[in-house]
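Notes to accompany the following structure.
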Amino acid sequence: MSDYLEGLNPPQRAAVEQMEGPMIIIAGAGSGKTRVLTYRIAHLLKNGVDSFQILSLTFTNKAAREMKERIGKVVGQSEAKNLWMGTFHSVFARILRSEADKLGYPSSFTIYDSQDTVRLMNSIIKEMGLSKDQYKSKAILSRISQFKNNLITVKAYRNNPELIEADTMAMRPQMGAVYKEYVDRCFKAGAMDFDDLLLRTNELLVRFPDVLSKYQDRFRYVMVDEYQDTNHSQYLIVRALADRFQNICVVGDDSQSIYAFRGANINNILNFQKDYPDVKTFKLEQNYRSTSNIVEAANSLIEKNKTRLDKTIFTSNDAGGKIKIMRTLSDGEEGRWVANSIFENAMNLQKTYDDFAILYRTNAQSRAMEDALRKKGIKYKIFGGLSFYQRKEIKDLLAYLRVLINPNDEEALKRIINYPARGIGETTMDKLSVAANHYNKSLFEIISDLESTDIKIQGPTKTKLNNFATLIQSLQITAQGNNAFQVADEVVKRVGLIKDLQVDGTPEAVNRVENVQELLNGMKDFIEERKEQDLDSSLTAFLEDVALASTFDNKDEDDTPMVSLMTIHLAKGLEFPYVYIVGMEETLFPSAMSVNTRSELEEERRLFYVALTRAETQCYLSFAHTRYRWGKLIDCEPSRFLEEIDERYIEHLAPQRNKVVANRFVDSGLFDDDDIPRDKIRFRKPVTRSVRNQETPEKKTPFKQPQNLRKVTPQLAQQMNTSKPAQKLAAGNKVSHAKFGVGQVISVEGAGVNVKAEVKFENVGTKKILLQFAKLNILES
DNA sequence: CGGTGTCCGATTTTT
DNA sequence: TCGGACACCG
């Protein structure tokens with residue numbers, strides 16, 4: 001019956017059995033945190049708490065799903081399915097839908113993803129006539145994100161001279177106006193961005209005490225996982241909800257806080273004890289995951305951080321192998337070494353590729369690894385990067401669906417209004433925008449009732465717009481009473497979304513058609529799954545799921561063992577027997593952006609700590625002396641983090657470089673035991689080299705990517721030149737052109753349809769002209 | 001209006 | 001080095 005308590009160690013068990021009151025579980029890496037969380041919920045349920053009364057917030061959808069499943073195994077699936085469990089964003093999106101009218105939003109509001117917000121910001125900056133160099137949309141958006149996560153509304157911003165001053169100093173005096181316009185436009189479009197899901201929840205709870213009261217009463221037990229990564233906005237929500245019953249349990253590890261860059265506030269966990277004076281604290285300090293060498297190495301590293309909670313991770317696991325450090329000359333060699341090492345380990349130790357992971361600081365580093373793995377014939381999968389749902393063809397279809405549900409969704413509408421091409425161009429769109437602004441209506445409202453405006457749009461264009469409106473309206477009718485899959489299928493057919501692609505026939509087009517097909521299949525699965533669980537399976541629900549899905553939520557259909565490649569951020573919460581952490585170099589890891597302040601550097605160190613503690617059996621670190629970055633070959637120095645690990649736990653695989661004549665490489669001094677102050681060396685900027693890499697470029701073999709993974713740029717088959725050369729044109733020829741007049745050919749380049757000539761015209765100067773189009777008459781050769 | 005070529009910026013991490 | 005945004009021509 002309560003046998004689930006048996007396998008727990010004393011602190012774990014104590015945490016599980018503590019049901020009431022505020023509590024914090026400080027859970028070191030690999031200390032069985034998920035287990036404790038799972039069992040604690042099961043324990044609550046077994047002790048008479050209603051599953052509807054438990055709210056459990058996790059960091060990823062995947063974590064939520066897994067936990068739900070595990071709880072189901074203890075208490076039964078039917079009981080588990082009523083739990084409110086999910087990410088902050090998905091749980092509160094759900095609540096916001098049911099309360100949307102209070103905030104003036106439609107319950108079918110759209111969730112803008114980052115691509116949508118960038119596009120919107122671009123148009124705002126353009127429309128406001130601001131310089132796009134001073135107002136970089138990404139920078140503006142991240143500033144706005146900061147505001148929102150700290151509950152600084154437009155109004156609050158305007159009343160805050162300090163912020164205004166700061167933005168003025170940063171050459172962005174219009175920041176407030178941009179912020180206002182952005183918020184207004186989202187609101188008009190019935191759209192929320194990621195931050196709005198939290199901000200609007202706060203608004204809801206503050207402005208409507210009865211709503212707050214309702215959810216306080218409902219969620220008598222609140223649990224938050226990865227508490228160290230919550231931002232201020234999330235903090236306030238949790239606090240408000242738990243205020244009545246004070247049954248709040250947060251779990252986290254300050255040493256694994258790695259999301260400060262997007263607003264996570266490590267003080268939320270550091271100060272939890274101050275927020276709830278009668279808090280009960282539980283520390284899970286025994287690591288069950290890794291060898292003691294790994295645990296001790298990680299400990300010796302994280303000790304270098306000043307701001308941390310007091311805890312000591314220990315393990316009774318075997319010592320295992322030491323952390324192995326490999327030094328290579330180039331990033332290419334690093335890749336080859338990793339691939340070889342994985343190959344040999346898999347062979348010698350009888351491991352499958354699932355047991356291996358390659359972790360890196362930046363996505364760009366994956367390329368060298370991919371090349372090497374591919375060459376070695378090792379299967380791999382990349383997490384992160386462009387997700388399935390971000391692909392053009394998928395976004396196009398989703399945009400149609402979004403418009404059906406919420407025609408005011410401006411970004412979706414702009415995306416599809418002329419795709420497939422309907423002859424509705426920029427000029428028309430500009431006119432519509434102006435009208436929308438003038439009449440304070442959405443674009444779609446204007447389009448569907450052109451007559452009531454004095455908009456000057458010509459007959460043919462008018463017809464096109466009317467046709468578009470009719471198409472959408474009739475699809476909207478289809479959308480009623482049909483499920484998500486049926487609607488999408490209908491859209492594909494009626495709109496002719498994949499027609500061009502099917503005709504096209506290039507491998508790339510075929511792939512796109514397959515992707516669309518896969519989305520349709522995905523929708524079928526979604527509907528079935530949701531129905532089984534008695535959950536909302538509407539189109540709205542599907543779109544929400546997609547908007548909040550992360551790369552991890554892709555379902556893996558291919559189960560051949562593959563090496564996992566991902567950024568360290570993505571690796572949090574995962575574990576692998578063999579872990580390779582690559583690119584251990586200054587300015588890469590720690591990132592050049594993070595070495596200026598202590599807190600940023602400490603976050604990088606925590607990131608490294610997270611990376612190390614992913615490894616169960618063996619951990620490898622590698623760095624290269626040269627690396628291609630920004631298309632240039634640059635010199636690199638070993639990361640300072642390498643020498644922050646206690647030597648006792650380290651083994652160098654390559655001869656150290658101090659005594660050898662390292663001719664072209666300036667000695668970084670890393671392995672020297674000299675007395676030169678480290679800073680002097682470390683902060684030296686890498687030198688850009690002009691020397692080209694001597695290695696012969698590897699020939700890329702066509703490679704079929706596994707499903708759902710980041711797409712490798714399709715290698716378009718070189719277009720064969722079947723058409724006859726347009727003209728026999730050579731340098732020196734005298735030619736005439738209808739528009740440019742007479743000139744002399746300077747050079748001819750390119751092949752087939754791409755033949756172009758550089759011609760120096762007497763009157764208009766030098767032009768490059770594609771012979772396929774331009775009619776050049778040869779006057780003299 | 002639509003397709004193609006050119007130029008510019010990106011590379012810190014993402015729910 | 002590569003992809004996206006923009007300009008320009010037909």
It should be established whether A:Ser594 places a side-chain nitrogen or oxygen under 4.0 Å from OP1 or OP2 of nucleotide B:dT12.
no
Salt bridge (charged side-chain N to carboxylate O under 4.0 Å, His left out) partners for A:Arg605, two or more places apart:
A:Glu644
Rounded to the Å, how far apart are A:Leu359 CG and B:dT13 P?
14 Å
Base, sugar-phosphate, or nothing for A:Phe88, non-hydrogen atoms under 4.0 angstrom?
nothing
N/O (side chain, A:Asn149) to phosphate O (OP1/OP2, B:dT15) under 4.0 Å:
no
With nearest nucleotides of DNA chain B determined for A:Asp195 and A:Arg422 from heavy-atom distances, which residue corresponds to the more 5′ nucleotide?
A:Arg422
Given B:dT12, B:dT11, B:dT14, which nucleotide is nearest the side-chain atoms of A:Thr567?
B:dT14
Exactly one candidate in A:Asn305, A:Asp253, A:Ile568 meets side-chain contact (heavy atoms from CB on, under 4.5 Å) with A:Tyr609; the answer is A:Asp253
Collect all protein-nucleotide pairs involving nucleotides 4-6 of chain C in which both atoms are nitrogen or oxygen and the distance is under 3.5 Å.
none

For A:Phe542, what residues pass the ring-ring contact (aromatic ring centres under 6.0 Å, His included) criterion, not counting sequence neighbours?
A:Phe526
Is it the case that the side chains of A:Thr587 and A:Arg629 hold a donor-acceptor pair, with the cut-off being a distance below 3.5 Å and no angle test?
yes
Separation of B:dT12 P from A:Asn596 CG (nearest whole Å):
13 Å
Between A:Asn149 and A:Ser233, is any side-chain donor less than 3.5 angstrom from a side-chain acceptor?
no
Whole-Å distance separating the CZ atom of A:Phe261 from the C1' atom of B:dT13
4 Å
Expressed in whole Å, how much space separates the P atoms belonging to C:dG4 and B:dT13?
16 Å
Judged by nearest nucleotide, the residue sitting upstream toward the 5' end of DNA chain B, A:Lys136 or A:Arg262, is A:Lys136
